[in-house]
Amino acid sequence: MLNKVILIGRLTKDPTEHSTQNGHKAVRFTLAVDRNFKDANGNRQADFISVVAWNQLADLISKYCKKGKEIAIVGRLQTGSYTGQDGQKRYTTDVVAEEVQLLADPKDSKNNDNNSNSNDDFNFDGFEEINTEGLPF
């Protein structure tokens, strides 16, 4: 069996911290993930995905992730249910984060453009061009 989710998106607001009765720390947040296509008006739509992280990963997210921060998440999908105050059964679907990668902010990358390595600065000496004729792709 396989249950793996990989997402790249931006936090819609600051993570919310919680602690369980046993003292385990958790953070919850919503990740806005752009869809790969545009709507009829030419606008890109997004999905808003509920994410939870536990313990040390929760600490990392609380410390470094704020509203608008772009992150990559690897985790698993988890469903659950609870009874609301109105007596109705509610169903939940969350991504449980297992790994998080903090991605560069656009404003940070603009400041670092002078220090970044591009292909223009790379020395291609010693590399040989490969003949791609006859390859199936």
Side-chain angles (χ1 to χ4, degrees):
M1 304 294 161
L2 179 65
N3 180 355
K4 192 161 206 90
V5 175
I6 302 171
L7 302 169
I8 296 176
R10 294 192 182 278
L11 277 73
T12 61
K13 59 183 177 180
D14 291 350
T16 305
E17 296 181 24
H18 304 278
S19 291
T20 66
Q21 291 176 348
N22 296 336
H24 295 284
K25 186 174 184 178
V27 294
R28 290 190 163 278
F29 57 94
T30 301
L31 200 64
V33 179
D34 286 342
R35 294 181 180 169
N36 290 334
F37 55 88
K38 295 180 181 178
D39 65 15
N41 297 323
N43 298 318
R44 191 167 299 275
Q45 300 294 309
D47 292 301
F48 297 90
I49 300 169
S50 177
V51 181
V52 62
W54 294 91
N55 301 319
Q56 290 93 353
L57 195 53
D59 289 335
L60 174 110
I61 291 168
S62 291
K63 186 173 181 179
Y64 296 107
C65 297
K66 302 295 179 207
K67 178 181 178 178
K69 177 71 177 167
E70 186 176 28
I71 62 174
I73 291 179
V74 176
R76 60 185 166 80
L77 204 57
Q78 180 173 289
T79 60
S81 64
Y82 65 95
T83 303
Q85 291 180 345
D86 60 0
Q88 296 291 317
K89 192 166 192 172
R90 305 268 196 274
Y91 296 93
T92 62
T93 302
D94 296 305
V95 171
V96 178
E98 296 170 345
E99 300 173 41
V100 172
Q101 179 72 45
L102 307 178
L103 303 177
D105 290 328
K107 62 183 174 193
D108 291 343
S109 63
K110 287 178 188 172
N111 294 336
N112 293 330
D113 278 344
N114 296 334
N115 299 329
S116 65
N117 290 333
S118 68
N119 284 345
D120 296 335
D121 299 332
F122 189 79
N123 182 354
F124 287 97
D125 291 343
F127 287 90
E128 183 178 321
E129 187 172 339
I130 298 173
N131 183 355
T132 58
E133 286 184 35
L135 292 178
F137 51 89

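Atoms considered below: every heavy atom in the structure, side chains included; atoms not considered: hydrogens, waters and symmetry mates.
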What distance do Thr30 atom OG1 and Lys13 atom NZ have between them, rounded to the nearest 0.5 Å? 6.0 Å
Student check: side-chain heavy atoms of Asp94 and Arg28 closer than 4.5 Å: yes
Going hydrophobic residue to hydrophobic residue with side-chain gaps under 4.5 angstrom, can you get from Ile61 over to Ile71? yes
Please tell me if the side chains of Asn3 and Met1 come closer than 4.5 Å, counting only heavy atoms from C-beta onward. no
How far apart are the closest heavy atoms of Cys65 and Leu11, and which atoms are they? CB-CD2, 3.9 Å
Nearest heavy-atom approach of Pro15 to Phe29 is CA-CB, 4.0 Å
Hphob cluster co-occupancy, Val5 + Val96, side-chain heavy atoms under 4.5 angstrom: no
Measure the CD-OG1 distance between Gln88 and Thr83 for me, rounded to the nearest 0.5 Å. 9.0 Å
How many angstroms lie between atom CZ of Arg76 and atom CG of Leu2, to the nearest 0.5 angstrom? 12.5 Å
Is it the case that one hydrophobic cluster holds both Leu7 and Leu102, taking links as side-chain heavy atoms less than 4.5 Å apart, direct or via other members? yes
Nearest heavy-atom pair of Asn36 and Arg44: which atoms, and what distance? C-NH1, 3.4 Å
Can you confirm whether Glu17 sits close enough to Val27 that some side-chain heavy atom of one is under 4.5 Å from a side-chain heavy atom of the other? yes
Are the side chain of Asn22 and the backbone of His24 linked by a donor-acceptor contact shorter than 3.5 Å? no
May I ask you to decide if Leu103's main-chain N or O and Lys69's side chain share a donor-acceptor pair within less than 3.5 Å? yes
Under a 4.5 Å cut-off applied to non-hydrogen side-chain atoms, are Leu77 and Thr93 in contact? yes
Are the side chain of Asp39 and the backbone N or O of Asn41 linked by a donor-acceptor pair below 3.5 Å? yes
Cluster check Ile8, Leu60: I/L/V/M/F/W/Y, side chain < 4.5 angstrom: no
Measuring from Gln56:CD to Lys25:NZ, what's the distance to the nearest 0.5 Å? 10.5 Å
Non-hydrogen atoms of Ala97 and Val51 that approach each other most closely: CB-CG1, 4.1 Å
Residues Asp34 and Ala46: closest non-hydrogen pair is OD1-CB, 3.9 Å
Is it true that atom NZ of Lys66 has more than 12 heavy atoms of other residues, nucleotides or ligands lying nearer than 6.0 Å? yes
Nearest heavy-atom approach of Gly84 to Arg90 is N-CG, 4.4 Å
Taking Tyr64 as the starting point, is it possible to reach Trp54 by hopping between hydrophobic residues whose side chains are less than 4.5 Å apart? no
